[in-house]
Amino acid sequence: MSDAPLLEVDALDAYYGDFQALFGVSMKVEPGQVVAVIGANGAGKSTLLKSIAGLMPSRADAIRFEGKSIGDAPAFAVVGRGIALVPEGRRLFPSLSVEENLLIGGQLGRPGPWNLERVYALFPILAERRHVPSTSLSGGQQQMVAISRALMSNPRLLLCDEISLGLAPIVVRDIYAKLPSIVADGISLVIVEQDIVQALRAANHVYCLQEGRVALQGAASSLTRDSISAAYFGV
Ligand code: ATP
C-alpha cells in the first residue's frame with residue numbers, strides 16, 4: 001500500500017440521466033499534495049468532486065482511496081473513510097448557529113486532531129461569531145464555516161469546490177493563506193478553481209478539464225498561464 005497514491009481516479013465516467021458529464025477522467029492525489037482542477041463553466045469540475053465524495057454513482061474501481069475501491073460507496077461511508085467535501089455554494093444549515101453547523105461536521109467523521117478549538121484557532125472570527133445564525137455571516141465567513149465543518153470530520157483528503165466564488169479578492173487571499181497550514185497537518189487537498197493564476201499559485205499539480213475530459217495536466221511548476229489557457233478555453 002505504501003506506493004499507492006492517496007486517491008486514484010481511473011477512467012471515471014459520470015452521467016446525469018442520459019447526459020454524459022465526464023468521459024474517462026483519470027487523476028491522482030499523493031499524500032501532502034494540493035491538486036487544482038480548473039476549467040470553464042460546465043467543464044465537469046463539480047461532477048468530478050461529487051463523484052469522489054460519493055454523491056454520484058460510479059464504477060467501484062473508478063475511484064480508489066488508500067488503495068481501496070470506493071467508487072460505489074455512499075457519501076456517508078466516504079466521509080467515514082476520510083474524504084470531506086466543501087460544496088459549491090457552501091450549503092450551510094441556515095437555521096443553525098455557526099457552532100451547530102461545525103458540530104454537525106464532526107458527527108459522521110473520524111477521530112482526529114480537528115475539533116472546535118482547532119478550527120477556531122484557524123479562523124478566529126468564527127469563535128467570536130460562534131453563536132450567531134450562519135446566515136448572518138459575510139460570504140467569506142460562511143466559506144470559513146464550510147471549510148471548518150469539513151475539517152471537523154478529520155479528513156485525510158479535503159475537496160474544495162470553488163471556494164473563491166463570489167468573494168472579494170482580499171477575502172479569497174485570506175482563505176487561501178490558510179490552506180498551507182491545513183496541508184501541514186497531513187491533509188491533502190483537491191481545489192476546484194476557475195482562476196488559473198490562483199490555481200497555479202496554490203497547487204503542486206494541475207488538471208484542466210474541458211467538456212468532461214482531462215485536456216491538460218502537469219506539475220504546477222511546469223505550467224504557465226499561457227500554456228493552460230488553450231486547454232481551458234478549448235481554443
Ligand atoms: P461550474 O463552474 O459552472 O460549476 P463545472 O465545471 O463544475 O461548472 P459541472 O457542474 O460538473 O461543471 O457540470 C458538468 C456538466 O454537467 C454541465 O454540462 C452541466 O450542465 C451538467 N450538469 C451538472 N449538474 C447537472 C444536473 N443536476 N442535471 C443535469 N446536468 C447537469
Side-chain angles (χ1 to χ4, degrees), residues 7-29 34-59 62-63 65 70-76 78-79 83-92 139-140 142-143 146-147 149-150 155 157-169 171-172 175-176 179 188-203 205-218 220 223 225 227-235:
L7 176 78
E8 192 164 15
V9 177
D10 180 26
L12 174 70
D13 296 329
Y15 297 84
Y16 296 98
D18 290 340
F19 176 76
Q20 186 165 2
L22 295 180
F23 299 82
V25 169
S26 295
M27 178 175 97
K28 282 183 190 166
V29 181
V34 180
V35 171
V37 178
I38 64 173
N41 284 334
K45 307 180 296 298
S46 296
T47 304
L48 174 58
L49 292 199
K50 285 191 283 182
S51 299
I52 297 167
L55 296 168
M56 306 267 300
S58 308
R59 209 179 73 244
I63 302 168
F65 185 65
I70 61 159
D72 59 350
F76 71 88
V78 173
V79 175
I83 300 179
L85 174 67
V86 182
E88 187 174 2
R90 308 187 275 267
R91 305 285 173 95
L92 302 182
Q142 289 188 26
Q143 193 57 271
I147 294 168
R149 183 179 59 184
L157 177 66
L158 186 65
L159 311 171
C160 298
D161 198 349
E162 299 210 28
I163 48 180
S164 348
L165 202 66
L167 303 181
V171 179
V172 173
I175 291 178
Y176 265 88
L179 299 187
S188 303
L189 300 179
V190 177
I191 53 170
V192 157
E193 183 53 71
Q194 290 206 16
D195 182 336
I196 297 173
V197 174
Q198 183 70 265
L200 285 174
R201 202 181 293 141
H205 203 96
V206 176
Y207 288 82
C208 184
L209 289 186
Q210 189 193 322
E211 294 180 4
R213 293 178 168 85
V214 176
L216 182 74
Q217 58 115 346
L223 301 171
R225 183 184 179 146
S227 72
I228 49 183
S229 285
Y232 187 105
F233 294 111
V235 291

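In each ligand, atom 1 is the first atom listed, and ligand 1 is the first ligand listed. No hydrogens, no waters, no symmetry mates; every other heavy atom, side chains included, goes into these values. All figures in this text were calculated on a predicted structure; none of them were measured in a lab.
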Checklist entry - With only distance considered, is Ser46 within less than 3.5 Å of ligand 1 through an N or O on each side? => result yes
Checklist entry - So which protein heavy atom does atom 11 (O) of ligand 1 come closest to, and at what separation? => result Thr47 OG1, 2.5 Å
Item to check | Gly44 heavy atom under 4.0 Å from ligand 1 | outcome: yes
Next on the checklist: Out of all atoms in ligand 1, which are within 4.0 Å of some heavy atom of Ala43? Include the element for each.
Outcome noted: 5 (P), 6 (O), 12 (O)
When the side chains of residues 47-58 are checked against the rest of the protein, which donor-acceptor pairs come out under 3.5 Å, sequence neighbours left out?
unit_1: Thr47; atom_1: OG1; unit_2: Tyr16; atom_2: OH; d: 2.8
unit_1: Lys50; atom_1: NZ; unit_2: Tyr16; atom_2: OH; d: 3.2
unit_1: Ser51; atom_1: OG; unit_2: Thr47; atom_2: O; d: 2.8

Item to check | Heavy-atom nearest option to atom 14 (C) of ligand 1, drawn from Gly212, Gly17, Gly42, Gly39 | outcome: Gly42
Checklist entry - Does the Lys45 side chain pair with the main chain of Gly39, one donor and one acceptor, at a distance under 3.5 Å? => result yes
Next on the checklist: For atom 20 (O) of ligand 1, is there a protein heavy atom at a distance under 4.0 Å?
Outcome noted: no
Item to check | Test item, Ala40 contacting ligand 1 (heavy atom, 4.0 angstrom) | outcome: yes
Next on the checklist: Determine whether Val9 and Ser26 satisfy the following criterion, side chain to side chain contact (heavy atoms under 4.5 Å, CB included), listing intermediate values before the conclusion.
Outcome noted: CA-CA 5 Å; Val9 177; Ser26 295; 5.7 Å; no
Checklist entry - Passes side chain to side chain contact (heavy atoms under 4.5 Å, CB included), Met27 versus Leu12? Steps please. => result CA-CA 9 Å; Met27 178 175 97; Leu12 174 70; over 6 Å; no
Checklist entry - Short list, please: which atoms of ligand 1 are under 4.0 Å from a heavy atom of Gln194? => result 2 (O)
Item to check | Nearest protein heavy atom with distance in Å, relative to atom 24 (N) of ligand 1 | outcome: Tyr16 CZ, 3.3 Å
Next on the checklist: How about CD on Gln20, more than 12 heavy atoms from neighbouring residues, nucleotides or ligands closer than 6.0 Å, or not?
Outcome noted: yes
Checklist entry - Is the side chain of Tyr207 donor-acceptor paired with the backbone N or O of Lys28 at a distance under 3.5 Å, no angle test? => result yes
Next on the checklist: If the cut-off is 4.0 Å to any non-hydrogen atom of Phe19, which atoms of ligand 1 fall inside it?
Outcome noted: 15 (C), 16 (O), 18 (O), 21 (C)
Item to check | Contacting atoms of ligand 1, where contact means under 4.0 angstrom from a heavy atom of Ala21 | outcome: 16 (O)
Checklist entry - Can you check whether Ser164's main-chain N or O pairs, donor with acceptor, with Glu162's side chain at less than 3.5 Å? => result no
